[in-house]
Amino acid sequence: MSMILLAEQVLNGLQLGVMLFVMAAGLTLVFGVMGLINLAHGSLFMIGAFAAAAVAGATGSFLLALIAALSAAAAVGALVEVVVIRRLYDRDHLDQVLATFALILIFSEGTRWIFGSFPLFLNIPPYLAGPVTLPGGIEYPLYRLTLITIGLSIAAALFWLINRTRLGIQIRAGENDREMIAALGVDISKLYTIVFALGAALAGLAGALVGAIQSVQVGMGEPVLILAFVVIVIGGIGSIKGALIAAILVGLTDTLGGVLLPALFKQFMEASAATSIGSSLASMAIYILMAVVLIWRPTGLFGARA
Amino acid sequence: MTQMTRETLFNLAMMAGLILFPLWAWIADEPFMITLATKAVILALAGVGLNLALGLGGLVSLGHAAFFGLGGYAMGILASHAQSYSPILETPFVIEGTKSMPVIWLTAIISSGLAALAIGALSLRTSGVYFIMITLAFGQMLYFFAISWPAYGGEDGLSIYVRNGFPGLNTLDPIQFYGICFTVLTIVLILCARLAKSPFGLALNAARQTAERVETVGISPYKLRLVAFTLSGMITGLAGALFADLNRFVSPTMFSWQTSGEIMVFIIIGGVARLFGPVVGAVIFIALEHLLGGLSDYWHIYLGILLLLIVLFARGGVIGTLAGKENAHD
């Protein structure tokens, strides 16, 4: 296999990884601060993508579409937090799983009702279309490279937010002891709404960004949601650093597994059997990775809570 | 004690309904209604399986579709080989396919039981939200395996032309097939009721409430949970085989995480840890699907709203609301 192909796959893995991180960051914050499992995070991803596709269709501006995705997802996130999610913080995980499963049903069918069952398309803007030549003669799509850059910038911004700002201090304090922080005069329910809306906005942004390289359709959020869960579980729930490392690990495993495993099996098997076994294993690779990590470390790589 | 009687009465009424409704449909010559009832009974069986782990053991498994799917594929693989007269295995010894339900059930129970033993042994090392996620991951693993494994239909699934046979009965007749499924459900319900009252069931229940106390008296909560998880997987696997026989079709959808979610939904609608919780839940689910599905293509919205209201305001599900609180245990 040529080095150029391999380098391209590594970049693809990185791109998948950083987008998973943007999804997973919100999930892991919400779990870390509020102790809530939110299955409906994938719906916010979908809402972002649909808002972007609708606005891009109406105005033709990709930047406006991204802003629409961010604000629509944040608004829906804040609304859902106030109406439903808030009642779930002191419930057990089973109730949280079911209530947010119910939210998925409502959001998916609601979106289907408004936009219909046919996929929408969100086009890559002309100034980001086409390939660029990287050092080493690798031709790589500019848009995917932009996604990697945006993802890494969001990661940097989140680390800054959590470690250097007042809101970040409150979030970290909320993770440690929510009664104490309330006693110190922080409006805890406002903090929760802000954290939830922040996570929702990130999910919506990821939906819009990824929506431009795949089709925008109902149900697009769930596969990503499950991958994001794999990410936060591998990274350790509540840890942003863990989420970043695990996201890139998952992205690379998924992308490289699809290329390398069939090639590996071809070394000692006939071609068609190697392809079928290799690709079956590759599609399971990240789940195997997750199982192995959890068996080795039952609370993930950077997880503190039991 | 009066509360116990109320729940027992409710359960008896439910059983009577499950006998009378299909009889009415049979007399009124409404085979579709019998098929709906069959579907409800089979899904109830899948829920009874999960309820053993979830209700009694407190193990929130979001991966029970794995066992449902394995049961389904056990039926699909055996029957498709019998259909094409090609043996499943030729070396070192010949294994033929079969169209006999008891053999298929046994295969489904054994294979899903082994899978549940393996998945449980690994997953039960974790707890809480990690357990939910790792069971989900195992379910997804099998889902993607079923999609990418081309030998048995891959993404398209497998069709069986004629329903499998049961000695002495005509399974193509809807009411007879219903009778088989209903009998299986009844037997499993009786076994579960006895299990919950047995020393094993009591210890499992205690391990759910305070694992430390159980450990102090020398019982390993891990082993209790593993046995419960395995039994639970076996029952759900059997339901998968019956479900595949009802549709004469298996596909990777049986493995999908929405299937796991739906099985869990039955239990919540009916009532967690209630013997008849999943039965009530599955009947309501199928009735809603039929009634609302006829009114609107978007009936999942109403299902979602109903589910949300039950989780937020009617804890204990339908049985909890109608028959009063569970006999106090905490």
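Lettering of chains follows the sequences in order, A, B, ..., and the numbering in each one begins at 1.
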Residue among Q96(A), R112(A), R87(A) with most heavy-atom pairs under 4.5 Å to chain B: R112(A)

Distance-only side-chain donor-acceptor flag, T253(B) / S256(B), under 3.5 Å: no

Side-chain donor-acceptor pair present, E215(B), Y222(B), cut-off under 3.5 Å: no

Validation row: [X], [Y] side chains within 4.5 angstrom (heavy atoms):
X	Y	result
Y287(A)	V292(A)	no
I240(A)	F21(A)	yes
L50(B)	S61(B)	yes

With only heavy atoms counted, which part of [X] is less than 4.5 Å from chain B, the side chain, the backbone, both or neither?
X	value
I104(A)	side chain
L294(A)	both
I106(A)	both
I286(A)	neither
V233(A)	both
I232(A)	neither

Region of I132(B) in contact with chain A, defined by heavy-atom distances below 4.5 Å: side chain

Heavy-atom proximity to chain A below 4.5 Å, by part of F138(B): side chain

CA sep, side-chain torsions, deciding dist, call: V60(B), L54(B), side chain to side chain contact (heavy atoms under 4.5 Å, CB included): CA-CA 5 Å; V60(B) 184; L54(B) 182 76; 3.8 Å; yes

Partners passing ring pair (Phe, Tyr, Trp, His ring centres under 6.0 Å) against F229(A) (at least two apart in sequence or in another chain): none

